[in-house]
Amino acid sequence: MRIETFVLGELQENGYLVFDDKRSAAVVIDPGDDPEPMITRLDQTGAELLAILLTHAHWDHIGGVRELAERMSGAAHGAPVYLHEADVPLYERVVEQAALFGFHADPQPPVDRTVKGGEALQFGPLRVEVIHTPGHSPGGVCYKVDDVVFVGDTIFAGGVGRADLPGGSWTQLIQSIRNGILTLADATVLYPGHGPSTTVATERATNPFLA
């Protein structure tokens with residue numbers, strides 16, 4: 001597995017390309033609201049895009065889904081969009097939720113497949129485990145691939161996600177982190193939706209919100 005990180009859009013959201021070892025196939029995690037750098041990289045590698053995985057449906061993470069699908073020379077039309085079922089209503093209101101914060105977002109194509117948490121998804125040689133972590137949003141999920149986890153806005157290096165947005169819950173967020181993330185092996189690397197990567201051990205020991 002090879003991971004490439006892209007800092008995208010007005011809110012500096014982290015989008016990820018996850019390739020197999022030969023870069024012949026890839027999945028996108030959270031294409032942000034400006035997926036142009038991801039599109040360029042996929043064109044450079046010639047990798048087949050197998051899926052677009054969304055950790056949650058806030059506009060800064062999903063605003064580029066349509067452009068990604070339309071610009072990949074048809075490849076992404078065969079790459080289904082995955083999202084937790086509880087965040088589908090939020091996804092469908094992307095225009096309104098962006099406007100609430102003074103930003104613009106276009107309507108996005110329908111979600112192709114919903115997840116619930118607990119599934120293991122297979123994309124070519126890439127095996128992706130889904131962990132439901134509500135709290136930042138009702139349908140927040142993390143995607144575990146080997147010994148790394150893409151955690152969206154659930155947890156950050158030294159911080160945690162907001163719980164004051166519609167559908168958020170502080171109690172759920174902390175429970176999700178404690179039960180779904182901190183139970184993983186200490187060396188597990190966490191790739192968040194904003195900011196630098198971290199590890200389970202580091203956050204367990206130093207994150208002030210988890211004391």
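Remember, predicted model here, so these are calculated numbers, not experimental data.
For the pair Asp60 (side chain) and Leu11 (backbone), a donor-acceptor distance under 3.5 Å is absent. For the pair Gln108 (side chain) and Tyr91 (backbone), a donor-acceptor distance under 3.5 Å is absent. Under the 3.5 Å distance criterion, the side-chain polar atoms of Glu10 are left unmatched by any main-chain donor or acceptor of Phe103. A side-chain donor-acceptor contact under 3.5 Å links His136 to the backbone of Arg162. A donor-acceptor pair is defined here as one N or O able to donate and one able to accept, closer than 3.5 Å; such a pair exists between the side chain of Asp87 and the backbone of Gly139. A donor-acceptor pair under 3.5 Å links the side-chain atoms of Arg66 to the main chain of Pro107, judged by distance alone. In this structure, Thr188 contributes its side chain and Val200 its backbone to no donor-acceptor pair below 3.5 Å. Under the 3.5 Å distance criterion, the side-chain polar atoms of Glu13 are left unmatched by any main-chain donor or acceptor of Leu8. A donor-acceptor pair is defined here as one N or O able to donate and one able to accept, closer than 3.5 Å; no such pair exists between the side chain of Glu48 and the backbone of Ala26. Using modelled atom types, no side-chain atom of Gln44 and backbone atom of Leu42 make a donor-acceptor pair closer than 3.5 Å.
Under the 4.5 Å side-chain heavy-atom criterion for ILVMFWY residues, no single connected hydrophobic cluster contains both Ile155 and Leu54. Val28 and Val7 are members of different hydrophobic clusters when ILVMFWY side chains are connected at heavy-atom separations under 4.5 Å. Placement of Leu184 and Ile3 in two distinct hydrophobic clusters is found when ILVMFWY residues are connected by side-chain heavy-atom separations under 4.5 Å, directly or transitively. Val189 is not connected to Val149 by any chain of hydrophobic side-chain contacts under 4.5 Å among Ile, Leu, Val, Met, Phe, Trp and Tyr, and they are in different clusters. Val141 and Val151 fall into different hydrophobic clusters, defined by Ile, Leu, Val, Met, Phe, Trp and Tyr side-chain heavy atoms under 4.5 Å apart, directly or through other members.
His104 and Asp33 share no donor-acceptor pair across their side chains, judged by distance under 3.5 Å alone. Side-chain atoms of Thr55 and Asp30 form a donor-acceptor pair, as typed in the model, at a separation below 3.5 Å. In the model, Gln175 has no side-chain atom that pairs as donor or acceptor with a side-chain atom of Arg178 under 3.5 Å.
Taking 4.5 Å as the limit, some side-chain heavy atom of Val160 sits within range of a side-chain heavy atom of Trp170. Between His58 and Leu90, some side-chain heavy-atom pair lies under the 4.5 Å cut-off. The shortest side-chain heavy-atom distance between Leu68 and Ile39 falls under the 4.5 Å cut-off. Annotation: side chain of Gln97 is not in contact with side chain of Leu165 (no heavy-atom distance under 4.5 Å). With contacts defined as side-chain heavy-atom distances shorter than 4.5 Å, the pair Pro192/Thr198 does not qualify. The closest side-chain heavy-atom distance from Ile52 to Ile29 is not below 4.5 Å. Side-chain contact between Ile181 and Cys142 is present, with heavy atoms from C-beta onward closer than 4.5 Å. Under the 4.5 Å side-chain criterion, counting only non-hydrogen atoms from C-beta, Tyr16 is not in contact with Phe6.
Atom CE of residue Met38 and atom CD of residue Glu36 lie 12.0 Å apart, to the nearest 0.5 angstrom. The OG1 atom of Thr114 lies 8.0 Å from the CD atom of Glu119; values are rounded to the nearest 0.5 Å. Distance CG/Asn179 to NE2/His132: 12.5 Å, rounded to 0.5 Å. We find the CG-CZ distance between Leu190 and Phe156 to be 11.5 Å, quoted to the nearest 0.5 Å.
The two residues Ser197 and Ala157 have their closest heavy-atom pair at O-CB, 4.5 Å. A pairwise comparison of heavy atoms in Tyr82 and Ala51 identifies CE1-CB, 4.0 Å as the closest pair.
The existence of a salt bridge linking Arg204 and Asp186 is confirmed by a sub-4.0 Å separation between a basic side-chain nitrogen and an acidic carboxylate oxygen. Ion pairing between Arg23 and Glu4 holds under the 4.0 Å rule for side-chain N and carboxylate O.
Of the residues listed (Val128, Ile131, Val148, Val18), the one engaging Tyr143 in a side-chain contact (heavy atoms from CB on, under 4.5 Å) is Val128, and it is the only one.
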